[in-house]
Amino acid sequence: MDIIYMDNNATTRVAPEVLDAMMPYLKDFYGNASSMHSFGGSVGREIIAAREKVAALINADPGEIIFTSCGTESDSTAINAAIRSNPAKKHIITTRVEHPAIKNLYEYLAKNGYRVTWVPVDKEGVLDLDYFYSHLSEDTAIASIMWANNESGVIFPISEIAAKLRDKGIVFHSDAVQAVGKIPVDVKQVGLDMLSISGHKLHAPKGVGVLYVKKGTKFSPFMIGGHQERNRRGGTENVASIVAMGRASELVMGHLEEMDTRIRAMRDRLENGLIQNIPNALLNGKKDVRLPNTSNISFEYIEGEAILLMIDQLGICASSGSACTSGSLEPSHVLRAMGVPFTAAHGSIRFSLSTYNTEKEVDFVIENLPPIIERLRTMSPFWKEGAGRLQ
Ligand SMILES: Cc1ncc(COP(=O)(O)O)c(C=O)c1O
């Protein structure tokens with residue numbers, strides 16, 4: 001059975017070109033970049049080259065790029081650096097729809113002496129900017145606003161926010177893990193202080209991330225250790241993955257145009273095909289301000305988990321907006337923040353495409369999902385055929 005992989009916001013396939021680029025650094029060139037011998041030195045040069053490629057992807061200076069182990073480490077490093085650099089300030093601000101990498105750290109800080117403001121979103125997942133601006137104060141150390149939401153795909157107005165925060169003495173950090181590689185991200189044009197990237201969301205392997213820190217931003221390391229990354233992140237460099245990150249950056253930069261055209265068109269066709277052919281199918285997220293690859297659809301009155309299990313039998317990989325890990329089938333905090341009713345939030349599925357998806361795969365999903373939804377609804381106590389909405 002062929003796999004139809006439409007879960008690229010969860011993780012992506014390592015691009016073959018990326019694998020080719022990194023393999024020599026696992027196999028042959030295993031030197032330590034800090035060594036005095038030329039064998040290690042040649043590895044150090046590859047790290048420099050990778051840093052330049054990542055910098056080019058977001059229009060940063062290479063010196064502003066710090067390699068980390070993942071998006072989560074980049075987020076933690078940014079937030080910790082901001083609060084440690086501004087110890088007198090005790091207010092921090094973020095959104096109600098951040099990834100757990102931010103959300104759980106802010107919740108931890110809320111229990112440890114910080115006052116946290118959670119900025120709400122509306123029913124389309126759009127950020128309440130008035131609420132945000134009205135809660136900034138002299139006491140605010142950091143604002144963490146994600147560039148694009150991993151579940152709804154909704155893009156936040158980062159440029160506008162950066163302009164508003166300029167010269168206010170508030171560190172502006174954005175978790176751009178879902179944005180970089182899918183839409184243009186230009187840190188110079190936007191003018192924010194810190195930005196997080198994750199390798200495995202853009203066809204590099206798991207285990208490598210990037211933190212951009214604007215030149216001049218007060219910084220203190222999270223990983224205190226060796227002198228690596230110019231004393232900003234201790235630990236012997238993960239050379240193969242850093243090389244991979246550089247190659248992946250080049251590749252996704254070359255695919256941005258395709259994201260905006262072919263992949264966006266394919267996503268729209270998938271979404272329209274499902275919404276038109278399935279009753280009570282509702283789109284989550286504002287239609288025209290989303291990542292071009294993401295579609296989050298609620299199929300009312302059934303469980304997302306049940307849908308995932310049935311499509312899994314056909315080789316289709318997607319994600320659901322509810323997590324049954326606790327056994328409670330609690331809908332995600334993102335859909336709850338958007339006010340998606342429980343009957344819809346439970347049946348939400350996120351499809352996220354990449355350059356490797358094909359029109360044939362989209363056809364397959366459009367053809368095979370409607371009968372699955374119909375079957376599940378016949379088993380649902382909340383759905384009576386012909387009656388449609390029951391409550
Ligand atoms: C928006 C966002 N931030 C952070 C992360 C965490 O990245 P990583 O898995 O590299 O730690 C993810 C991963 O899903 C994400 O979607």
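In each ligand, atom 1 is the first atom listed, and ligand 1 is the first ligand listed.
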- NZ/NE/NH1/NH2 to OD/OE distance under 4.0 Å, E107 and K103: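 Salt bridge present between E107 and K103.
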- Answer yes when E250 and R247 have at least one side-chain N-carboxylate O distance shorter than 4.0 Å, and no when they do not.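 Salt bridge between E250 and R247, a charged N being under 4.0 Å from a carboxylate O: yes.
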- Query: Any side-chain donor-acceptor pair under 3.5 Å between T355 and E258?
  - Reply: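 Yes.
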- Task: Classify the contact between T72 and ligand 1 as side chain, backbone, both or neither, using a heavy-atom distance cut-off of under 4.0 Å.
- Result: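 Both backbone and side chain of T72 come within 4.0 Å of ligand 1.
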- Under 4.0 Å from ligand 1, counting heavy atoms only, is it the side chain of E73, its backbone, both or neither?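 Within the 4.0 Å criterion, E73 makes no contact with ligand 1.
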- Of E151, H99, Q178, K103, which has the heavy atom at the shortest distance from atom 12 (C) of ligand 1?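 Residue with the shortest heavy-atom distance to the ligand atom: H99.
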- Determine whether any heavy atom of K201 lies closer than 4.0 Å to an atom of ligand 1.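 Flag set, K201 near ligand 1.
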- Message: Quick check: N9 and ligand 1, any N/O pair under 3.5 Å apart?
- Response: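 In this structure, N9 places no N or O atom under 3.5 Å from an N or O of ligand 1.
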Within ligand 1, which atoms have a heavy atom of [X] less than 4.0 Å away?
X    : value
S198 : 8 (P), 10 (O)
M146 : 1 (C)
H200 : 8 (P), 9 (O), 10 (O)

- Message: How about NZ on K123, more than 12 heavy atoms from neighbouring residues, nucleotides or ligands closer than 6.0 Å, or not?
- Response: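 At most 12 heavy atoms, drawn from other residues, nucleotides or ligands, come within 6.0 Å of this atom.
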